[in-house]
Amino acid sequence: MDRNELKRAAAHAALDELVEGAIVGVGSGSTVESFIDALRARRERVAGAVSSSERSSERLRAAGIEVLDLNRVLAQGRDIPVYVDGADEIDGALRMIKGGGGALTREKIVAAACGRFVCIVDASKCVARLGRFPLPVEVIPMACELVAGRLRRLGGRPAVREGFVTDNGNLILDVAGLQIDDPAGLESELNQWPGVVTVGLFARSGADVVIIASPEGVERRAASGARA
Ligand code: 5RP
């Protein structure tokens with residue numbers, strides 16, 4: 001099985017996590033695109049989607065799934081019980097690095113508005129320790145050098161993602177070489193820096209469930225104490 005087949009297998013298994021007739025939160029990336037494709041055949045099962053990127057929204061609409069405005073959904077008091085998204089890395093405590101596709105800010109917002117976070121990955125994304133994947137950090141353009149300098153002082157090697165602007169009009173710094181001993185602590189610290197919009201660590205609030213596809217099959221794991 002190649003990696004795309006594994007992504008499709010994980011995406012397909014996530015259909016079993018949906019709540020019948022409810023709105024679903026949808027992340028971004030190629031694994032999520034497979035999820036949207038799988039959802040197309042069962043679109044009557046959802047009351048629409050709240051999306052974390054323009055790209056996912058386009059694909060959802062093409063699949064005949066209505067894309068709803070998050071503010072309106074919340075103002076109406078409607079529930080979004082499940083959020084489905086991929087990850088660049090996930091550890092045993094279901095903490096993640098995300099943002100390889102640059103949609104980290106909206107992903108964090110939509111995930112925070114939803115109930116259970118269901119992460120879908122192929123097994124290559126599972127790590128014992130976060131940090132091999134360069135950590136994406138979304139920054140306000142005028143703060144780019146300020147934030148990059150601070151990241152260097154932490155031991156990181158930040159690089160501006162070339163030719164890329166986020167859906168929010170900002171830049172991404174991809175930070176290699178960081179020693180991530182305390183993912184939640186680092187997330188909290190970077191979140192305080194002026195000019196940082198979002199750090200791609202999802203550790204203070206990680207996934208509730210991970211669906212991992214490997215050549216041996218599809219495995220579902222729930223975080224301890226999660227809404228499994
Ligand atoms: C986008 C993300 C994606 O979930 C992450 O990059 C994984 O992508 P893919 O499914 O293409 O491997 O965080 O911002």
Side-chain angles (χ1 to χ4, degrees), residues 1-15 17 24-39 49-60 70 82-91 94-114 116-127 130-139 159-176 180 183 187 190 196-214 218:
M1 269 177 130
D2 71 15
R3 213 160 150 202
N4 288 332
E5 288 173 310
L6 295 176
K7 288 181 181 194
R8 277 197 291 276
H12 213 270
L15 293 175
E17 304 289 330
V24 59
V26 175
S28 302
S30 57
T31 317
V32 165
E33 288 181 0
S34 292
F35 171 71
I36 296 169
D37 295 346
L39 194 57
V50 171
S51 164
S52 68
S53 65
E54 300 298 338
R55 198 171 155 147
S56 288
S57 296
E58 266 175 41
R59 201 161 180 119
L60 283 159
L70 178 64
V82 175
Y83 176 72
V84 179
D85 200 354
D88 299 299
E89 284 186 351
I90 184 162
D91 72 6
L94 309 199
R95 299 173 294 197
M96 296 163 281
I97 287 184
K98 292 184 45 54
L104 60 165
T105 298
R106 295 191 187 191
E107 289 170 348
K108 228 176 230 193
I109 293 168
V110 178
C114 296
R116 278 185 311 132
F117 188 134
V118 176
C119 180
I120 49 176
V121 290
D122 66 87
S124 71
K125 307 287 186 67
C126 298
V127 297
L130 299 175
R132 199 182 46 203
F133 189 91
L135 179 67
V137 180
E138 180 166 350
V139 292
V160 178
R161 197 175 292 183
E162 286 298 324
F164 186 85
V165 176
T166 70
D167 284 350
N168 313 307
N170 296 315
L171 300 176
I172 297 281
L173 287 170
D174 291 304
V175 193
I180 305 181
E187 181 181 2
L190 300 192
V196 168
V197 177
T198 303
V199 53
L201 276 165
F202 286 57
R204 288 167 51 88
S205 185
D208 295 292
V209 171
V210 61
I211 295 173
I212 306 162
S214 72
V218 175

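This is a predicted model, so every value here is computed, not measured. In listed order, ligands and their atoms are each counted from 1.
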* Asked: Can you tell me how far CD of Glu107 sits from CZ of Phe202, rounded to the nearest 0.5 angstrom?
  -> 5.5 Å
* Structure fact -> Heavy-atom contacts under 4.0 Å to ligand 1, chain-then-number order, include exactly Lys7, Ser28, Gly29, Ser30, Thr31, Asp85, Gly86, Ala87, Asp88, Lys98, Gly99, Gly100, Gly101, Gly102, Ala103, Glu107, Lys125
* Asked: Rounded to the nearest 0.5 Å, how far does CD of Glu187 lie from CG of Leu201?
  -> 5.5 Å
* **Contacts of type side-chain hydrogen bond (donor to acceptor under 3.5 Å, both in side chains), residue Arg3, not counting sequence neighbours** => Asp122, Ser124
* Asked: Does the distance from a Lys or Arg side-chain N to an Asp or Glu carboxylate O, for Arg106 and Glu54, drop under 4.0 Å?
  -> yes
* Test side chain to side chain contact (heavy atoms under 4.5 Å, CB included) applied to Ala112 - qualifying residues, sequence neighbours left out -> none
* Asked: Under the side-chain hydrogen bond (donor to acceptor under 3.5 Å, both in side chains) test, which residues partner Arg8, sequence neighbours left out?
  -> none
